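The block underneath contains the structure these notes are about, expressed in structure tokens.
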Amino acid sequence: MNAATAPGKIILFGEHAVVYGRPALAVPVTQVQVSVEVVDSPDAETWIEAPCISLHTTFSALSPTHPLRAVIESVFAALNIAPFPPLHITIHSSIPVASGLGSGAAVSVALIRALTDFAQRPMPADEVNALAYEIEKLHHGTPSGIDNTVISYAKPVYFVRGQPIQTFNVARPFSLVIADTGIAAPTKESVGDVRKLWEADKPRWEALFDRVGEIVRAAKNAIETGATDSLGALMDANHALLQEMTVSSPELDRLVLAAKTSGALGAKLSGGGRGGNMLALVRPAEAEAVASALKSAGAKSTLMTVIQ
Ligand code: MEV
């Protein structure tokens with residue numbers, strides 16, 4: 001048996017603007033993950049089981065553009081193995097789908113690793129990342145590549161589209177509470193809507209993206225110098241810009257407000273928006289109070305993580 005896992009991810013700063021060449025900061029979230037097992041199939045067909053999305057199917061029954069089919073085909077093409085042997089693939093995930101935690105990219109990365117291990121041809125992270133990016137294009141249309149990069153390398157990243165991976169140092173650990181609105185919101189839709197608005201008024205949107213870029217650079221500096229309390233105000237400012245970009249929602253705004261009024265130093269939506277997750281910067285002593293305020297304000301689930 002060959003098994004592989006991949007973590008979730010959360011964007012700290014810079015979502016959406018990152019699609020347009022501005023930097024963004026993101027970290028892996030290891031409390032949630034995808035695991036994939038690959039074994040020889042007991043019959044002549046390749047079977048895929050993903051109980052978390054009620055999927056039980058053969059490879060040939062998947063549509064030609066299905067991301068799982070695309071991962072399997074691209075891995076064996078990259079390994080020059082044709083035809084590939086019949087397999088039994090099982091996918092488990094604790095990452096909620098369409099929630100901003102990178103579930104699609106994590107499935108791709110874990111599946112690529114499990115298949116390449118099965119073929120006894122493990123790939124380095126940069127090759128895994130390049131393959132996962134091709135699959136992200138099927139999920140998202142015009143992805144920046146940040147999700148697959150954070151998840152493939154499982155490291156904090158300061159990401160600029162098209163540039164080699166840069167990581168960052170955390171001078172002083174800081175605590176986040178992440179809360180899920182429970183509303184599934186495909187990234188493809190919010191990214192597509194932003195693109196239409198950008199096309200209709202490029203000067204206005206480029207200026208918005210520039211302001212996000214400045215926040216991201218200031219946040220990186222604060223993280224690297226240990227000025228972590230100042231991240232709160234930067235999160236608030238980034239959330240206000242995301243509201244202006246139309247990617248927040250009443251539910252996200254309610255959770256952001258609940259976090260702030262229960263003691264968080266700052267809060268913002270994270271990922272594609274419109275639903276999915278938000279995050280709040282907290283002092284460790286206040287984490288429980290903020291998490292419980294978020295639950296009372298409608299969060300479906302919360303998790304706490306320390307970035308170090
Ligand atoms: C999705 O996690 C982040 C977005 O910026 C899209 C992307 O970067 O591809 C909204």
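We count ligands from 1, going down the list as the structure has it; atoms in each ligand are counted the same way. Counting begins at 1 with the first residue of the sequence. Values reported hereafter were calculated over all heavy atoms of this structure, with side chains retained and with hydrogens, waters and symmetry mates removed. What you see is a predicted model, and the numbers here were worked out from it, not measured in a lab.
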Can you tell whether the side chains of [X] and [Y] come within less than 4.0 Å, N to carboxylate O?
| X | Y | answer |
| --- | --- | --- |
| K137 | E134 | yes |
| E15 | K268 | yes |
| D147 | K9 | yes |

If you count every heavy atom of other residues, nucleotides or ligands that lies below 6.0 Å from E206 atom CD, does the total exceed 12?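 Atom CD in E206 is crowded, with more than 12 foreign heavy atoms closer than 6.0 Å.
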Less than 3.5 Å apart, N/O on ligand 1 and N/O on the protein: could you list those pairs with the distances?
from	atom 1	to	atom 2	distance (Å)
ligand 1	2 (O)	K9	NZ	3.0
ligand 1	2 (O)	D147	OD1	3.0
ligand 1	2 (O)	D147	OD2	3.2
ligand 1	5 (O)	H16	N	2.8
ligand 1	8 (O)	S144	OG	2.5
ligand 1	9 (O)	S144	N	2.8
ligand 1	9 (O)	S144	OG	3.4

Please list every donor-acceptor pair under 3.5 Å in which a side-chain atom of residues 71-85 meets a protein atom from a residue at least two apart or in another chain.
from	atom 1	to	atom 2	distance (Å)
E73	OE2	R69	NE	3.3
S74	OG	A70	O	2.9
S74	OG	V71	O	3.1

Cation-pi, W198 ring and K196 (6.0 angstrom, 45 degrees):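 Cation-pi check for K196 and W198: fails.
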